[in-house]
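Take a look at the structure set out below.
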Amino acid sequence: VGAVGLDGSYEKDDNLRLAQEVAKALKKSGVNVIMTRSDDSDTQLDSRSKIANKAKADIFVSLHRNSTANPNTTKGIEIWIHSSGSERSYAAADDILSNLEEVGITANRGVRIGTQGDSDDDYAVIRDTDMTSMIVEMGFMTNEEEDYKLNDPAYQQLLVQGMVEGICAYMGR
């Protein structure tokens with residue numbers, strides 16, 4: 001289920017709901033979208049990378065929610081890229097974060113490389129994909145303000161808008 005929100009919500013449900021909305025909006029913008037999961041099923045990490053690689057995707061964006069052991073101490077959206085910090089990955093992540101910031105996120109925690117525990121390591125879906133890839137942590141489920149906001153359909157649409165505009169900017173659309 002991933003992280004659990006202060007309200008008892010599951011990360012997997014928030015991620016899927018937002019991913020479906022982002023996919024729908026990207027398709028309206030003329031982007032060919034391939035989802036690694038489109039329903040409440042479990043897709044293994046290595047399968048996600050294989051799907052993206054087989055499709056020869058231009059960009060791989062994995063949506064997540066963050067958490068911390070100390071509730072209400074941390075908030076904001078951050079994007080994780082490969083530890084090599086390639087210019088293309090950084091540019092894509094920066095386009096998305098800039099557009100998310102424009103629509104009014106609680107805080108921009110920046111583009112980060114590696115993993116939370118080791119800047120020289122990489123999360124599996126970033127390490128094993130052949131294209132520009134990233135994990136977008138869309139706020140903290142353990143922050144009451146962010147958890148509340150993410151349950152607001154209007155805020156969800158702002159996140160979708162920022163993500164879509166950022167992805168389209170990176171892709172030159």
Side-chain angles (χ1 to χ4, degrees), residues 2-3 5 11 14-31 33-36 48-49 52 57-68 72-127 129 131-143 145-173:
E11 177 185 12
D14 291 346
N15 296 343
L16 180 59
R17 182 176 62 246
L18 282 171
Q20 288 171 329
E21 291 300 315
V22 168
K24 187 169 36 171
L26 282 169
K27 287 175 184 176
K28 283 183 182 177
S29 296
V31 176
V33 176
I34 298 168
M35 301 278 287
T36 58
R48 297 172 194 189
S49 301
D58 294 317
I59 186 171
F60 179 90
V61 179
S62 186
L63 304 183
H64 292 265
R65 298 282 317 279
N66 228 331
S67 68
T68 183
N72 297 312
T73 57
T74 310
K75 66 180 177 179
I77 294 178
E78 62 193 19
I79 298 181
W80 290 88
I81 62 172
H82 195 276
S83 60
S84 66
S86 79
E87 287 184 36
R88 289 180 55 89
S89 292
Y90 186 85
D94 191 53
D95 280 341
I96 292 170
L97 260 180
S98 296
N99 278 280
L100 284 168
E101 198 168 34
E102 284 181 27
V103 298
I105 59 175
T106 57
N108 178 343
R109 292 176 48 87
V111 177
R112 297 170 181 238
I113 62 169
T115 66
Q116 287 186 10
D118 185 351
S119 62
D120 291 326
D121 198 7
D122 291 299
Y123 292 108
V125 293
I126 295 172
R127 179 190 62 236
T129 49
M131 70 289 306
T132 296
S133 58
M134 68 194 66
I135 293 174
V136 180
E137 294 280 2
M138 301 171 298
F140 282 76
M141 295 188 78
T142 50
N143 180 287
E145 175 190 359
E146 285 189 329
D147 213 26
Y148 176 80
K149 283 183 88 163
L150 198 71
N151 288 315
D152 176 4
Y155 183 70
Q156 291 172 21
Q157 284 308 307
L158 290 175
L159 288 178
V160 169
Q161 176 188 337
M163 296 266 306
V164 168
E165 289 175 0
I167 291 168
C168 288
Y170 169 74
M171 295 179 70
R173 293 184 177 244

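Small disclaimer: the values here were computed from a predicted structure and weren't measured. In this chain, residues are counted from 1 in sequence order.
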Less than 4.5 Å apart, side chain to side chain, heavy atoms only: is that true for H82 and T129? no

Any ion pair linking E11 and R65 (charged N to carboxylate O, less than 4.0 Å)? no

Between L26 and V33, the two heavy atoms sitting closest are CB-CG2, 3.6 Å

Could you state the interatomic distance from CD1 (I113) to OG (S84), rounded to the nearest 0.5 Å? 8.0 Å

R17 vs D14, test: salt bridge (Lys or Arg N to Asp or Glu O under 4.0 Å). Steps then yes/no. CA-CA 5 Å; R17 182 176 62 246; D14 291 346; 2.9 Å; yes

Contact summary for A93 and V111, nearest pair of heavy atoms: CB-CG2, 3.8 Å

Give a yes-or-no answer on whether the side chains of Q161 and E165 include a donor-acceptor pair shorter than 3.5 Å. yes

Contact summary for L100 and M163, nearest pair of heavy atoms: CD2-N, 3.8 Å

Under the side-chain contact (heavy atoms from CB on, under 4.5 Å) rule, what do D58 and M131 come out as? Steps first, then yes or no, please. CA-CA 6 Å; D58 294 317; M131 70 289 306; over 6 Å; no

Close side-chain approach of E21 to L159, heavy-atom, < 4.5 Å: no

Please round to the nearest 0.5 Å and tell me the distance separating atom OG1 of T73 and atom CG of N143. 8.0 Å

Would you say that I77 contacts N66 through its side chain, given a criterion of any heavy-atom pair below 4.5 Å between the two side chains? no

Please examine the side chains of V164 and S29, heavy atoms only from C-beta on, and report whether any two atoms are closer than 4.5 Å. yes

Provide the closest heavy-atom pair for A92 versus M134 in the form atom of the first, atom of the second, distance. CB-CE, 3.6 Å

Any I79 side-chain heavy atom under 4.5 Å of R112 side chain: no

Provide the closest heavy-atom pair for D95 versus A169 in the form atom of the first, atom of the second, distance. OD2-C, 3.8 Å

Please tell me if the side chains of R109 and T74 come closer than 4.5 Å, counting only heavy atoms from C-beta onward. yes

Is there a side-chain contact (heavy atoms from CB on, under 4.5 Å) between F60 and T132 once you walk through the steps? CA-CA 6 Å; F60 179 90; T132 296; over 6 Å; no

For the pair Q116 and E78, evaluate side-chain contact (heavy atoms from CB on, under 4.5 Å) and give the outcome as yes or no after the intermediate values. CA-CA 11 Å; Q116 287 186 10; E78 62 193 19; 3.8 Å; yes

To the nearest 0.5 Å, what is the distance between OG (S133) and CD1 (I81)? 9.0 Å

Using modelled atom types only, decide if a donor and an acceptor are shared between the side chain of S98 and the backbone of D94 within a distance under 3.5 Å. yes

If you measure only the distance, is there a donor-acceptor pair under 3.5 Å linking the side chains of S62 and Y123? no

Does L97 form a side-chain contact (heavy atoms from CB on, under 4.5 Å) with N99? I'd like the steps, not just the answer. CA-CA 5 Å; L97 260 180; N99 278 280; over 6 Å; no

Using a strict cut-off of less than 4.0 Å between a Lys/Arg side-chain nitrogen and an Asp/Glu carboxylate oxygen, indicate whether E146 and K75 qualify as a salt bridge. no

Is any side-chain heavy atom of V31 closer than 4.5 Å to a side-chain heavy atom of K27? no

Taking all non-hydrogen atoms of both residues, which atom of S83 and which atom of D120 are closest, and how far apart? OG-O, 3.7 Å

Distance-only, no hydrogens or angles: does the N151 side chain make a donor-acceptor pair with backbone N or O of D147 under 3.5 Å? yes

Using 0.5 Å steps for rounding, measure from the CG atom of L16 to the CD atom of Q20. 4.0 Å

Would a 4.5 Å heavy-atom cut-off, applied to side chains only, mark K24 and V160 as touching? no

Report, as yes or no, whether the 6.0 Å neighbourhood of atom CZ on R127 holds more than 12 heavy atoms from other residues, nucleotides or ligands. yes

Let me confirm one number: the CG-CZ distance from N72 to F140, rounded to the nearest 0.5 Å. 11.5 Å

